[in-house]
Amino acid sequence: MGEMSSFQLGVIGALFLSVASSVSIVICNKALMSNLGFPFATTLTSWHLMVTFCTLHAAQRFNLFENKSIDIKTVMLFGILNGVSIGFLNLSLGFNSIGFYQMTKLAIIPFTVLLETVFLKKQFSQKIKLSLFLLLVGVGIASITDLQLNFVGTILSLLAIATTCVGQILTNTIQKRLNVSSTQLLYQSAPFQAAILFVSGPLVDQFLTKQNVFAYKYSPIVLAFIILSCIISVSVNFSTFLVIGKTSPVTYQVLGHLKTCLVLAFGYTLLHDPFTDRNILGILIAIFGIGLYSYFCTQENKKKQADPLECQMKDKEDKPFLAHEKEGHEVKSSDKNSIV
């Protein structure tokens, strides 16, 4: 019971950190890009990852966590994949309407469920699927305003969905199969993510904005917001790996849509963004779907714990926000520290 309570407290802390840091960085970046005219999102993300790596490197030097060796091929491919997924998401936003981009983000959940069902043999009950459907409908009603299709934008969106889904599934799989913590995985993969975005970011941003990030005139207030954004990003990146590792990719996406609802609400409250009855209805439906998702996952997890034989024969279904999860088995030999 003590281990279970400790695990639940850890999950609560990870979820709170993820929500608080994500909402904070969205508000900060919105002020930076919309109000101060700094449009270089991909380049900014590369700076986020570099600052994250430097912070973790300092923490490791002070023995705040133990570094664990992972096969270089696994880490490199994983880092590059995550970096490429960020680039595709930004390109998708640049080539599509806001409504179609929101549809792209919503499509990540069903695609993740499909991939985990086909390749990882996970099972999702009808109740879980119903709750996810209500969540997607609610977020769609609250955030999607227009849908404009084009061939290039559609291809980029499909690539963004595929790379994001695979990247998040690997984030969970690597931590469990290789018995590494979220901090250890982020520390080793962040340099590769940063490198791919540091090289491609200025090119992507110039293509999308017709501006050169190196020719931009950086005022003191812009620099202050960039520094603040990079500081917050350390918590965002850390909590992302932490939540996916402790729960699952689908649960992380559910949490992400909760953040969307909170950002919409904060935008109306703090920034006086336009807000309609449709937004309110969508947010309420989405929150209801999130509640059902967590409740059904909790009930199904309790049922599995009551039948240990069935639990051993089948993979666990998607974890709820506060579900108990046993520690992964220790990897017995160093040559198993690779899943590629």
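Heavy-atom basis, side chains included; hydrogens, waters and symmetry copies ignored.
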Which residues share a side-chain hydrogen bond (donor to acceptor under 3.5 Å, both in side chains) with [X], sequence neighbours left out:
| X | value |
| --- | --- |
| Q175 | none |
| N90 | T42 |
| N67 | Q188 |
| T240 | Y252 |

The criterion is side chain to side chain contact (heavy atoms under 4.5 Å, CB included); which residues satisfy it with [X], sequence neighbours excluded?
| X | result |
| --- | --- |
| L284 | I280 |
| I25 | N29, H48, S229, I232, S233, V236 |
| L292 | S131, L134, F288, F296 |
| T117 | V113, F124 |

**Q.** Results of ring-ring contact (aromatic ring centres under 6.0 Å, His included) for F95 - residues two or more places apart only
**A.**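 Applying ring-ring contact (aromatic ring centres under 6.0 Å, His included) to F95 gives F207.
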[X] side, atom [atom1]; [Y] side, atom [atom2] - distance, nearest 0.5 Å:
| X | Y | atom1 | atom2 | answer |
| --- | --- | --- | --- | --- |
| Q193 | F53 | CD | CZ | 12.0 Å |
| L32 | I27 | CG | CD1 | 13.5 Å |
| T52 | L186 | OG1 | CG | 6.5 Å |
| L156 | I161 | CG | CD1 | 11.0 Å |
| D277 | L281 | CG | CG | 8.5 Å |
| L136 | I285 | CG | CD1 | 12.0 Å |

Please answer: with hydrophobic residues joined when any side-chain heavy atoms are less than 4.5 Å apart, are [X] and [Y] in the same cluster?
| X | Y | answer |
| --- | --- | --- |
| I231 | M33 | no |
| L178 | I80 | yes |
| I174 | I196 | yes |
| I169 | L158 | no |
| W47 | L197 | no |

Q) What's the verdict on side-chain hydrogen bond (donor to acceptor under 3.5 Å, both in side chains) for T209 and D205, showing C-alpha distance, side-chain angles and the deciding distance? A) CA-CA 6 Å; T209 66; D205 288 334; over 6 Å; no
**Q.** Exercise: do S125 and E300 side chains pair donor with acceptor under 3.5 Å
**A.**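 Checked: S125/E300 side chains pair up, N/O donor to acceptor below 3.5 Å.
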Q.
Does F198, at its CZ atom, have more than 12 non-hydrogen atoms belonging to other residues, nucleotides or ligands within less than 6.0 Å?
A.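 No - once you tally the heavy atoms of other residues, nucleotides and ligands closer than 6.0 Å, there are 12 at most.
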(Q) side chain to side chain contact (heavy atoms under 4.5 Å, CB included), that's the test. Do F78 and T171 meet it? Break it down for me. (A) CA-CA 8 Å; F78 172 73; T171 301; 3.3 Å; yes
Q | side chain to side chain contact (heavy atoms under 4.5 Å, CB included) assessment of L135 paired with V139 | A | CA-CA 6 Å; L135 164 64; V139 175; 3.8 Å; yes
Could you tabulate the donor-acceptor pairs under 3.5 Å formed by side-chain atoms of residues 217-227, not counting sequence neighbours?
{"residue": "Y218", "atom": "OH", "partner": "V213", "partner atom": "O", "Å": "2.7"}
{"residue": "S219", "atom": "OG", "partner": "V222", "partner atom": "N", "Å": "3.4"}

(Q) Between F241 and S189, does the side chain to side chain contact (heavy atoms under 4.5 Å, CB included) criterion hold? Intermediate values first, please. (A) CA-CA 11 Å; F241 278 59; S189 63; 3.9 Å; yes
Do the side chain of [X] and the main chain of [Y] share a donor and acceptor less than 3.5 angstrom apart?
| X | Y | value |
| --- | --- | --- |
| S18 | A14 | no |
| T298 | S294 | yes |
| N172 | P249 | no |
| S22 | V19 | no |
| K246 | L15 | no |

Heavy-atom closest contact ([X] atom, [Y] atom, distance):
| X | Y | value |
| --- | --- | --- |
| L208 | G94 | CD2-CA, 3.8 Å |
| L159 | T163 | O-OG1, 2.8 Å |
| L49 | A194 | CB-CB, 3.7 Å |

Side chains of residues 100-110: which donor-acceptor pairs under 3.5 Å do they make with residues two or more places apart or in other chains?
{"residue": "T104", "atom": "OG1", "partner": "F100", "partner atom": "O", "Å": "3.1"}
{"residue": "T104", "atom": "OG1", "partner": "S157", "partner atom": "OG", "Å": "3.0"}

Donor-acceptor pairs under 3.5 angstrom involving side-chain atoms of residues 54-64: please list them, not counting sequence neighbours.
{"residue": "T55", "atom": "OG1", "partner": "V51", "partner atom": "O", "Å": "2.8"}
{"residue": "H57", "atom": "ND1", "partner": "Y187", "partner atom": "OH", "Å": "2.8"}

Q. Would L258 and V254 satisfy side chain to side chain contact (heavy atoms under 4.5 Å, CB included), going step by step from the backbone distance to the final call?
A. CA-CA 6 Å; L258 173 60; V254 171; over 6 Å; no
